[in-house]
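Only heavy atoms go into these numbers, but all of them, side chains included; no hydrogens, no water, no symmetry mates.
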Protein chains: 2
Amino acid sequence: MRIQRRITISDVAEAAGVSIATVSKVLNQGYRVSPSTSTRVREAVEQLGYTSSLGASSLRSHRTNVIAALVTAIEPFSVELLKGISAVIHDTEYELLIYVGGQQRSEAGWERAYVSRLGDTLTDGTILVTPSSADVASSVPLVAVDPHDGSAANAVLSDNLTGARIATDHLLDLGHRRIGFLSGRAGLESARAREQGFRSAMAAAGAAVDESLIGVGGYRAKSASAPARSLLTRPDRPTAVFAANDLSAIEFVSVATELGLRIPDDVSLVGFDNIPESLLTDPPLTTVDQSIHDMGAAAANMLLALIKSEDRPPAPSHVVLPTRLVIRRSTAPPPGPR
Amino acid sequence: MRIQRRITISDVAEAAGVSIATVSKVLNQGYRVSPSTSTRVREAVEQLGYTSSLGASSLRSHRTNVIAALVTAIEPFSVELLKGISAVIHDTEYELLIYVGGQQRSEAGWERAYVSRLGDTLTDGTILVTPSSADVASSVPLVAVDPHDGSAANAVLSDNLTGARIATDHLLDLGHRRIGFLSGRAGLESARAREQGFRSAMAAAGAAVDESLIGVGGYRAKSASAPARSLLTRPDRPTAVFAANDLSAIEFVSVATELGLRIPDDVSLVGFDNIPESLLTDPPLTTVDQSIHDMGAAAANMLLALIKSEDRPPAPSHVVLPTRLVIRRSTAPPPGPR
DNA sequence: GTGAAAGCGCTAACAT
DNA sequence: ATGTTAGCGCTTTCAC
């Protein structure tokens, strides 16, 4: 590494014996420049190792060929999503910039600040990953993935409703009727949809929902622990439980094991998300897969389309991706009468 | 999402009834501004939701509080590294920008272009992840992680040589003598070191290396597939294989499974890297941990130190992180005579 | 304490 | 076909 002054367009211009405007023309459009000049400029560029500054050029041109993804952290969900995004971006003229927002970043609304900081002058469009709100003003197109509320104009979601329904149906098909539910985090759109899916599947099957069998799992291991325990220790415990996400399902497994209960012999369990860890429990979890990779790809495609049609903003659109049941070994028919 | 004109410093100035210079002062240093003006400006900022444009401000100030990480792709190694980097960055005043270089990007030298594109005007320093060459001119400090050649002035490496040696020793200790090797990508420093470690451990144990048992795995699943198959289908297949990274080891597992071969009963396997996925194979992989997370943290700390001491550039430094063997279930003594 | 003005590196009219 | 000029949004002297 050598620290040195930045090579600017002026250096190139001087080396090639032309004006900076000519250099810019050669680099950007290329036309209206004589072949010989063009060659001379390109040689100078090559020799000096010049690349235009993204900050400076975008400031002026309002076109960057860069799209940004805003994430709060590098964790399994965002990583999988980024893979999907980058797979799409890779086949285009665009490049991907990932901005990792410091965790708490003035709590909610962090996305607004970052969109503003990067938008317009550095990127042509932005993908917000699980924003607390997608209701953000921006001078560039925005797409939200799995926003916490329903506010997003352009968003990619997964079909939580149907996913929850097929998970519940699976339990129902196995013969379960007394089914418990570990709900998600209150206030989140996905939590609402998953609970609704559970209830509607139960209703369609004519199975009554025992409200005392509904616990608030909160999507996290810690918050799911107590409700899991109370579900498992009651004398008339459910024969099956549907957990609103894998993290709480995994906690449910721990609690059951600790209590000496076997899954699925004593109680069946279905999770949601199909995170890699769901394979590692004993037994591996039956769960609902939401194809995070595809969500990323869909978001990238949507954003690209938005950018392309900049002038006439197309109608706000929601893409809802399908979910599917992954049957592993945590579900079985209900135990016979004890 | 609402598309709207960008809120600029002028909008704030107008709303607060001051000049843009005053707004800038309030936002940047704060001193030499009357409290009442300051309050008025802050209110306007708040109300309009203004955040300065990174592109514009850095162009002028040459200070951004942003550090960049340049990666070629979102894959397990870079993800783990990014986690380590972001853990360090998170506790500082800096923010993390990740630039994902389109794969082939004019092959080698992609890092030069990106450093130039972002450096100076957008970031205060850059971390290059597995660059093909770290011999890049830059106007900002640079740190390379696992550079492909030995060129880097400031670099973080892991002790590939020792790691490969202990992996091979483990196989040797179990009683294996006929050991195959799936090498890394030709030309990379790490690949060379790992192969050398393998060979030197074999030599030290007086075990002959059968050159026909050496395949080029290339560090990727796709490229490792054919050599893995040819190793496994030969009549005198090795009793153990050392794969130069986990990605190729995982592919080796797939191929073995497909061929109806059991690991470690039919053939033992050691990987390298200890990526999270190495836990998910059946059986979980014995592998060499190079603490990728720590490498990221070390790189971030090194870069921060470089930035701090900008004026008197400190001596180039190499940090070499230790490796250690993680024994899981893919290795066992060789099968008895068939 | 505040504003006017210069200029960071670059692109896009507009001249020539 | 090439150069001159204005200005993107911002920070930073430098006057007042």
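- Judged by distance alone with a 3.5 Å cut-off, no donor-acceptor contact links the side chain of B:R60 to the base of D:dG9.
- Under the salt bridge (Lys or Arg N to Asp or Glu O under 4.0 Å) criterion, A:D11 pairs with A:R5, not counting sequence neighbours.
- Under the rule for a side chain to side chain donor-acceptor pair (under 3.5 Å), the partners of B:S34 that lie at least two apart in sequence or sit in another chain are B:S36, B:T37.
- Distance A:L27 CG to C:dG9 P: 16 Å, rounded to the nearest Å.
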Just the atom pairs and distances: protein N or O near nucleotides 14-16 of chain C's N or O, under 3.5 Å.
none

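- Between its opening and closing five pairs, the helix from C:dG1-D:dC16 to C:dT16-D:dA1 changes axis direction by 40°, a value rounded to 10 degrees.
- Of the candidate nucleotides C:dG3, D:dT2, C:dT11, C:dG3 has the atom lying nearest to any side-chain atom of B:S19.
- With hydrogens and angles ignored, the 3.5 Å screen pairs a side-chain donor or acceptor of A:S58 with a backbone N or O of A:L54.
- Annotation: side chain to side chain donor-acceptor pair (under 3.5 Å) contacts of A:T126 (sequence neighbours excluded): none.
- Residues passing the salt bridge (Lys or Arg N to Asp or Glu O under 4.0 Å) test with A:K83 are A:E80, sequence neighbours excluded.
- Remark: nothing in residues 48-56 of chain B comes within less than 4.0 Å of DNA chain C through any heavy atom.
- Scored by the salt bridge (Lys or Arg N to Asp or Glu O under 4.0 Å) test, A:R185 finds no partners at all (sequence neighbours excluded).
- By the ring pair (Phe, Tyr, Trp, His ring centres under 6.0 Å) test, B:Y50 is found to be paired with no residue, residues two or more places apart in sequence or in another chain being considered.
- Listed by chain and number, the residues in a side-chain contact (heavy atoms from CB on, under 4.5 Å) with A:N65 are A:R63, A:E93, A:Y94, A:D124 (sequence neighbours excluded).
- In this view, B:Y99 and B:Y114 satisfy the ring pair (Phe, Tyr, Trp, His ring centres under 6.0 Å) rule, not counting sequence neighbours.
- Among residues two or more places apart in sequence or in another chain, the side-chain contact (heavy atoms from CB on, under 4.5 Å) test is passed with B:S190 by B:D146, B:N160, B:L188, B:R194, B:Y219.
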